[in-house]
Peer 1: 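Before we start, here is the structure in question, set down as structure tokens.
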Amino acid sequence: MTDGLSSKIKSVAINIRKQREAKNYTQEYLAAKLKISQNAYSKIELGYTKITVERLFQIADILGTSITGLIEAGKSEAA
């Protein structure tokens with residue numbers, strides 16, 4: 001993975017965390033909604049786990065935002 005792509009993935013992961021915290025949701029809450037363990041969810045937020053488009057849609061839905069909202073905000077973080 002190139003450094004540029006890696007930093008974009010990290011910035012999306014960071015934005016997911018920021019939006020979760022803004023809603024006062026815990027990692028445990030999102031993990032339960034996604035039907036995964038809290039540890040697996042934590043790895044998503046840390047950028048250790050590659051997430052599918054389907055999973056990104058699920059996260060966006062739970063957070064009440066759009067995928068583009070997660071990506072665009074992530075893009076501005078990386079800039």
Peer 1: Search all heavy atoms of V12 against all heavy atoms of I71 and return the closest pair with its distance.
Peer 2: CG2-CA, 4.2 Å
Peer 1: Any side-chain donor paired with an acceptor under 3.5 Å for E28 and Q38?
Peer 2: no
Peer 1: Distance check, rounded to the nearest 0.5 Å: I44 atom CD1 versus I51 atom CD1?
Peer 2: 6.0 Å
Peer 1: According to ring pair (Phe, Tyr, Trp, His ring centres under 6.0 Å), does anything in residues 2-26 pair up with another residue at least two apart or in another chain? List the pairs.
Peer 2: Y25-Y29
Peer 1: How long is the gap from CD1 on I36 to CD on Q27, to the nearest 0.5 Å?
Peer 2: 9.5 Å
Peer 1: Treat each ILVMFWY residue as a node, draw an edge where side-chain heavy atoms are under 4.5 Å apart, and state whether I16 and Y48 are in one component.
Peer 2: no
Peer 1: From L46 CG over to Y41 OH, what is the distance, rounded to the nearest 0.5 angstrom?
Peer 2: 10.0 Å
Peer 1: Indicate the atoms forming the closest heavy-atom contact of K33 with I62, along with that distance.
Peer 2: CB-CD1, 3.4 Å
Peer 1: With sequence neighbours excluded, what pairs up with S37 under the side-chain hydrogen bond (donor to acceptor under 3.5 Å, both in side chains) test?
Peer 2: none
Peer 1: Which residues pass the salt bridge (charged side-chain N to carboxylate O under 4.0 Å, His left out) test with E21, sequence neighbours left out?
Peer 2: R17
Peer 1: Testing the basics here: between R20 and L30, what is the closest heavy-atom pair and its distance to 0.1 Å?
Peer 2: CG-CD1, 4.0 Å
Peer 1: What is the distance from atom CD1 of I59 to atom CD1 of I67, rounded to the nearest 0.5 Å?
Peer 2: 9.5 Å
Peer 1: Can you name the closest pair of heavy atoms from L70 and Q19 and give their distance?
Peer 2: CD2-NE2, 3.7 Å
Peer 1: Between N15 and G69, what is the shortest heavy-atom contact and its length?
Peer 2: ND2-O, 3.7 Å
Peer 1: Might you point out which heavy atoms bring S66 and A60 nearest each other, and give the distance in Å?
Peer 2: C-CB, 3.9 Å
Peer 1: With a 4.5 Å cut-off on side-chain heavy atoms, are K50 and I9 touching?
Peer 2: no
